[in-house]
Every structure is written in C-alpha cells, then in structure tokens.
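Input: a single structure, listed below in structure tokens.
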Amino acid sequence: MPSKALATWKEQFTLLESAEREFDRLPPEVRRAFLDTISEFSQHPWRKSATLDVGPLRDMPGRWRLKVKGGHRATYRDLQGRPDFEMFETRDEIYEKHRRYIASRG
C-alpha cells in the first residue's frame with residue numbers, strides 16, 4: 001500500500017515527509033488500522049471516544065497521539081487548527097525519540 005493510500009489523509013491533515021516514509025514502512029495491517037480511523041478522526045482529532053483512542057502525550061505539551069490496535073501510534077500537533085502528523089511508530093519508539101529531542105533542547 002504505497003503513499004497513495006494517504007491521499008485521503010492529506011485532504012484533512014498535514015504530514016511531515018518523514019512521517020509519510022514511516023507510514024509506508026508499517027506492516028499492511030497497521031496501515032489499514034490507521035486508514036480505518038480517518039473518517040472519525042477527521043471529525044474529532046482532539047476528542048477520545050469509544051472507537052477512537054486519541055489523547056495528549058504526557059510531558060510533551062502540544063503533542064497528541066492516535067493509537068490503533070497492535071501497539072502503534074501516530075503523533076501529531078495542532079498546526080493552525082489542523083492535525084500535523086509527525087511520526088508513525090510503536091509506543092516505545094515514539095517516547096524514546098521524544099525523550100532524546102527534549103534532552104537535546106536542554
């Protein structure tokens with residue numbers, strides 16, 4: 001499933017180029033899980049529901065995460081009222097990258 005699968009997302013959100021590459025490297029079932037959330041996520045990117053697992057990241061102001069089955073997450077921020085996706089990875093990978101980033105800002 002190449003980046004063309006993200007065409008629907010790109011109408012609703014922005015993605016960093018690196019996030020798009022990460023999405024392309026995800027297993028097919030994980031990509032499908034993210035794509036299955038598009039409709040509901042586009043209506044409520046800042047509000048958790050019974051079928052949509054979103055929430056702010058602890059210790060990372062302004063950053064949110066979208067969680068899907070299988071332990072994968074997408075992190076995003078509010079960019080002028082629109083979600084701007086930064087990463088598509090596992091929970092551990094995302095938190096490790098954010099910890100390194102915060103440490104580098106010192």
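Note that the structure is a prediction, hence the values are computed from the model and not measured.
- Formation of a donor-acceptor pair under 3.5 Å by the Arg73 side chain with backbone atoms of Phe88 is not found in this model.
- Using a 4.0 Å cut-off between charged side-chain N and carboxylate O, Arg65 and Asp53 make a salt bridge.
- For the pair Ser42 and Pro45, the tightest heavy-atom approach, listed with the atom from each and the gap, is O-CD, 4.0 Å.
- With sequence neighbours excluded, the residues satisfying side-chain contact (heavy atoms from CB on, under 4.5 Å) with Asp78 are Trp46.
- In plain terms, the two heavy atoms of Gln12 and Arg82 that are nearest each other are C-NH2, 3.4 Å.
- Two residues are said to be in side-chain contact when any heavy atoms from C-beta on lie closer than 4.5 Å; Asp84 and Leu15 fail this criterion.
- Within the 4.5 Å cutoff, the side chain of Glu22 has heavy atoms near those of the Glu89 side chain.
- For Phe41 and Tyr76, the distance between ring centers is under 6.0 angstrom.
- The two atoms that bring Thr51 and Glu40 nearest to each other are OG1-OE1, 2.6 Å, heavy atoms only.
- Using a 4.5 Å cut-off on side-chain heavy atoms (C-beta onward), Phe23 and Leu35 make contact.
- Contact check for Leu26 versus Arg31: side-chain heavy atoms found under the 4.5 Å cut-off.
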Report task. Quick one: do Leu52 and Leu66 satisfy side-chain contact (heavy atoms from CB on, under 4.5 Å)? Show the steps, please. Result -> CA-CA 8 Å; Leu52 185 66; Leu66 166 62; 3.7 Å; yes
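- Here the CD-CZ distance, from Glu29 to Arg32, works out to 11.5 Å after rounding to the nearest 0.5 Å.
- One finds the OG1 atom of Thr37 at 13.5 Å from the NZ atom of Lys67 (value rounded to the nearest 0.5 Å).
- Put simply, Ile102 and Leu57 are part of the same group of oily side chains (I, L, V, M, F, W, Y) that touch within less than 4.5 Å, one to the next.
- The shortest non-hydrogen separation linking His44 to Val54 is O-CG2, 4.5 Å.
- Aromatic ring orientation, Phe13 versus Phe85: perpendicular (interplanar angle above 60°, classes split at 30° and 60°).
- Look at Arg99 and Glu96 and you find a salt bridge, because one of the NZ, NE, NH1 or NH2 atoms lies within 4.0 Å of a carboxylate O, short of that distance.
- Legend: residues meeting side-chain hydrogen bond (donor to acceptor under 3.5 Å, both in side chains) with Glu93, ordered by chain and number and at least two apart, are Thr90.
- Under a 4.0 Å N-O distance rule, the pair Arg77/Glu86 qualifies as a salt bridge.
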